[in-house]
Amino acid sequence: MLPKDNDKKEVILVLPYLNVNTTSTERFKSLIQAFESDESCTLRVIVIDDGIKRSYFGGLDRLNIDSFPSENYTFYKTKYNFIQRFAFKCVNASYNRCWRVLQLIHLLVYRTDIFNPSELNLGQKSHSQGYVITSGSHFSFFSTAQKLAQQFNYKLILDYRDPWTFGYPSVGGLGFIHKLKKLAGRKQEELLLRQALLITTVSNSLKNFFPTVYHHKIHVFGNGNNFSVSEMSTITLSSKFNIVYAGTIYDEQLIDDVFFEAMKLFILNKDISKIGLQFIGSVHNSVLKNKIEKYGLSAVTEITPRLKNTELIEYLNNASLFLHLRYGDKKSVISSKQAEYLAFRRPILLPVSDDGDIAESILQNHAGYVCNNLNAVIKTLEKLWAKFDKGENLFMTQPEEFIESLNRKNIAESFVKLILRS
């Protein structure tokens with residue numbers, strides 16, 4: 001029997017964006033679709049429109065907002081203070097240094113991140129019971145969601161994709177900024193953790209950063225990937241040995257030169273027309289381009305802008321080997337590219353072990369190679385090249401249940417079931 005309208009629970013998703021081409025947007029969209037498919041709830045999606053036309057993740061990664069359905073969506077234009085308005089104009093004009101300085105000034109002046117929206121006026125609640133859910137890492141939105149939950153007497157759900165004040169500094173961020181965030185936000189975060197009905201994270205490592213008193217309410221839902229098994233080729237190219245890195249690359253991942261030194265030696269005395277080194281989504285990183293030139297790899301390298309999934313899938317299917325690079329000294333970063341790598345089942349190469357989540361995932365899933373020095377990387381490349389040269393398929397067989405567990409749609413459906421029964 002279908003629930004009557006007055007028996008349904010309202011779900012309000014408060015999101016920082018939906019028009020940015022990132023894996024976080026894909027997570028948001030998968031949650032939206034899963035809630036829309038559940039007949040026991042009604043859904044409102046509140047997207048805060050900050051007026052930014054370019055992506056603060058680097059480059060023109062903003063999508064056309066008109067491409068999203070509007071029935072359950074409210075794109076809320078909030079009022080911003082002078083620092084915010086000026087900062088967002090700097091993003092649109094590509095004044096990145098000014099943008100970073102203004103983020104710091106806003107944090108010092110207002111003790112919250114620069115994306116902090118003003119109060120949301122959403123009128124009256126639609127149901128007697130409901131949930132307000134938000135997802136980081138615009139952590140000021142956690143406070144916005146908490147105020148909304150209090151206003152409607154709804155339950156609060158916090159979804160962490162990155163740490164806030166517990167855990168490591170943000171990838172690509174600065175250590176002293178993280179210290180300031182801890183000083184400015186630790187009390188507020190603890191208040192929110194106490195008030196939240198449930199907390200979700202993308203990894204056990206992230207969960208373990210939190211004080212154990214909150215562990216009973218923390219559940220792990222991985223990032224996942226957007227591709228179905230039917231879209232994945234089980235045969236690797238015989239014409240080209242492609243080494244693929246998918247997604248944003250950060251300067252701290254390029255501190256080690258081991259992989260680039262190994263590639264310089266690896267391509268010697270080989271037909272380089274059969275070798276491809278592809279960085280998909282890394283076009284805005286100048287450090288990467290300099291390293292490619294420094295080690296004489298330009299002839300084999302392709303660097304692209306961030307691609308849509310329909311464009312990315314060809315690169316993933318044509319890969320012989322997936323490249324992962326550790327995030328500096330951080331051991332607990334497990335990006336969504338790992339789920340994509342595992343799902344497409346080519347060997348994964350981690351040239352220098354992170355001694356953490358990435359290495360553990362590769363080794364536990366028998367999914368590739370974790371190295372610690374130049375010789376080990378060269379040996380691995382030569383081993384895989386020899387198989388390729390003999391015409392062997394480099395595809396790695398994994399149980400279908402394991403691959404299905406990596407699908408973002410399935411993860412989102414599990415998330416929704418947990419929420420609606422709580």
Side-chain angles (χ1 to χ4, degrees), residues 9-38 41-57 61-80 84 88 91 112-123 125-126 130-149 151-152 154-162 164 170 192 196-202 221 223-224 226 336 408-409 411-413 415-416 418-420:
K9 297 177 181 178
E10 182 176 32
V11 175
I12 300 176
L13 284 175
V14 182
L15 301 177
Y17 48 79
L18 264 180
N19 62 333
V20 182
N21 186 15
T22 63
T23 54
S24 53
T25 300
E26 295 299 330
R27 183 174 179 88
F28 302 156
K29 288 161 67 176
S30 69
L31 294 179
I32 290 168
Q33 290 164 1
F35 278 116
E36 285 179 331
S37 299
D38 195 296
C41 68
T42 59
L43 176 67
R44 256 196 284 181
V45 183
I46 308 302
V47 185
I48 310 300
D49 184 357
D50 51 27
I52 296 178
K53 306 302 180 185
R54 296 175 63 88
S55 174
Y56 31 81
F57 297 98
D61 294 320
R62 288 272 171 162
L63 306 175
N64 182 2
I65 201 69
D66 296 330
S67 65
F68 294 94
S70 59
E71 183 179 349
N72 296 323
Y73 293 63
T74 300
F75 291 95
Y76 187 89
K77 288 186 177 293
T78 186
K79 294 180 180 179
Y80 288 106
Q84 291 171 313
F88 298 157
V91 174
T112 186
D113 69 60
I114 201 165
F115 298 100
N116 182 41
S118 60
E119 298 291 329
L120 292 177
N121 182 12
L122 299 180
K125 64 180 182 179
S126 301
Y131 306 89
V132 181
I133 305 171
T134 191
S135 183
S137 56
H138 290 1
F139 290 112
S140 58
F141 281 46
F142 281 23
S143 297
T144 300
Q146 182 257 350
K147 292 173 184 175
L148 191 57
Q151 177 187 338
F152 286 179
Y154 284 177
K155 297 171 182 176
L156 176 66
I157 313 293
L158 304 176
D159 178 45
Y160 280 83
R161 292 175 292 104
D162 301 290
W164 182 4
S170 61
L192 291 167
L197 172 70
L198 292 175
I199 302 157
T200 57
T201 73
V202 296
F221 291 95
N223 274 308
N226 277 37
S336 59
R408 188 174 273 117
K409 178 177 181 289
I411 292 170
E413 288 174 353
F415 179 97
V416 169
L418 171 70
I419 302 305
L420 295 181

* Short side-chain donor-acceptor distance under 3.5 Å, Tyr160 and Ser135 -> no
* Asked: Taking all non-hydrogen atoms of both residues, which atom of Asp113 and which atom of Phe115 are closest, and how far apart?
  -> OD1-N, 2.8 Å
* Gln146: what forms a side chain to side chain contact (heavy atoms under 4.5 Å, CB included) with it, not counting sequence neighbours? -> Gln150, Leu156, Leu192, Gln195
* Asked: Once you round to the nearest 0.5 Å, how far does SG of Cys41 lie from CD1 of Ile419?
  -> 11.0 Å
* Structure fact -> d(Ile48 CD1, Thr78 OG1) to nearest 0.5 Å is 6.5 Å
* How many angstroms lie between OG in Ser24 and CZ in Arg27, if you round to the nearest 0.5 Å? -> 10.0 Å
* Do you know which two heavy atoms are closest between Asn116 and Tyr80, and how far apart they sit? -> O-CE2, 3.9 Å
* Structure fact -> Scanning both residues in full, the closest heavy-atom pair of Arg44 with Phe152 reads NH2-CE1, 3.6 Å
* **side-chain contact (heavy atoms from CB on, under 4.5 Å) assessment of Lys29 paired with Thr25** => CA-CA 6 Å; Lys29 288 161 67 176; Thr25 300; 3.6 Å; yes
* Structure fact -> So NZ of Lys409 and CG of Leu31: to nearest 0.5 Å the spacing works out to 13.0 Å
* Euclidean distance, Thr200 OG1 relative to Ile133 CD1, rounded to 0.5 Å -> 8.5 Å
* **Distance flag, aromatic centroids of Tyr131 and Tyr154, threshold under 6.0 Å** => no
* Structure fact -> In short, Thr23 meets Arg408 closest at the heavy-atom pair O-NH2, 4.0 Å
* To do: Start with the C-alpha gap between Val45 and Phe28, add the side-chain angles, then the distance that decides, and say whether side-chain contact (heavy atoms from CB on, under 4.5 Å) holds.
  => CA-CA 10 Å; Val45 183; Phe28 302 156; over 6 Å; no
* Please determine, by modelled atom types, if Ser143 and Ser140 share a side-chain donor-acceptor pair under 3.5 angstrom. => no
* Determine, stepwise, if the pair Glu413 / Asp38 fulfils side-chain contact (heavy atoms from CB on, under 4.5 Å). => CA-CA 9 Å; Glu413 288 174 353; Asp38 195 296; over 6 Å; no
* To do: Applying side chain to side chain contact (heavy atoms under 4.5 Å, CB included), name anything that partners Thr134, two or more places apart in sequence or on another chain.
  => Val14, Phe141, Phe142, Ala145, Leu158
* To do: Mind listing the closest non-hydrogen atom pair of Phe139 and Asp162 along with its distance?
  => CZ-O, 3.4 Å
* Listed partners of Ser37 passing side chain to side chain contact (heavy atoms under 4.5 Å, CB included), at least two apart -> none
* To do: Applying side-chain contact (heavy atoms from CB on, under 4.5 Å), run through Leu15 and Ile46 and close with a yes or a no.
  => CA-CA 6 Å; Leu15 301 177; Ile46 308 302; over 6 Å; no
* Locate the shortest heavy-atom distance separating Ile411 from Gly224; write the atom from each residue and the value. => CD1-CA, 3.6 Å
* Do Val47 and Leu13 have side-chain heavy atoms sitting under 4.5 Å apart? -> no
* Salt-bridge contact Glu10-Lys125 (side-chain N to carboxylate O under 4.0 Å) -> no
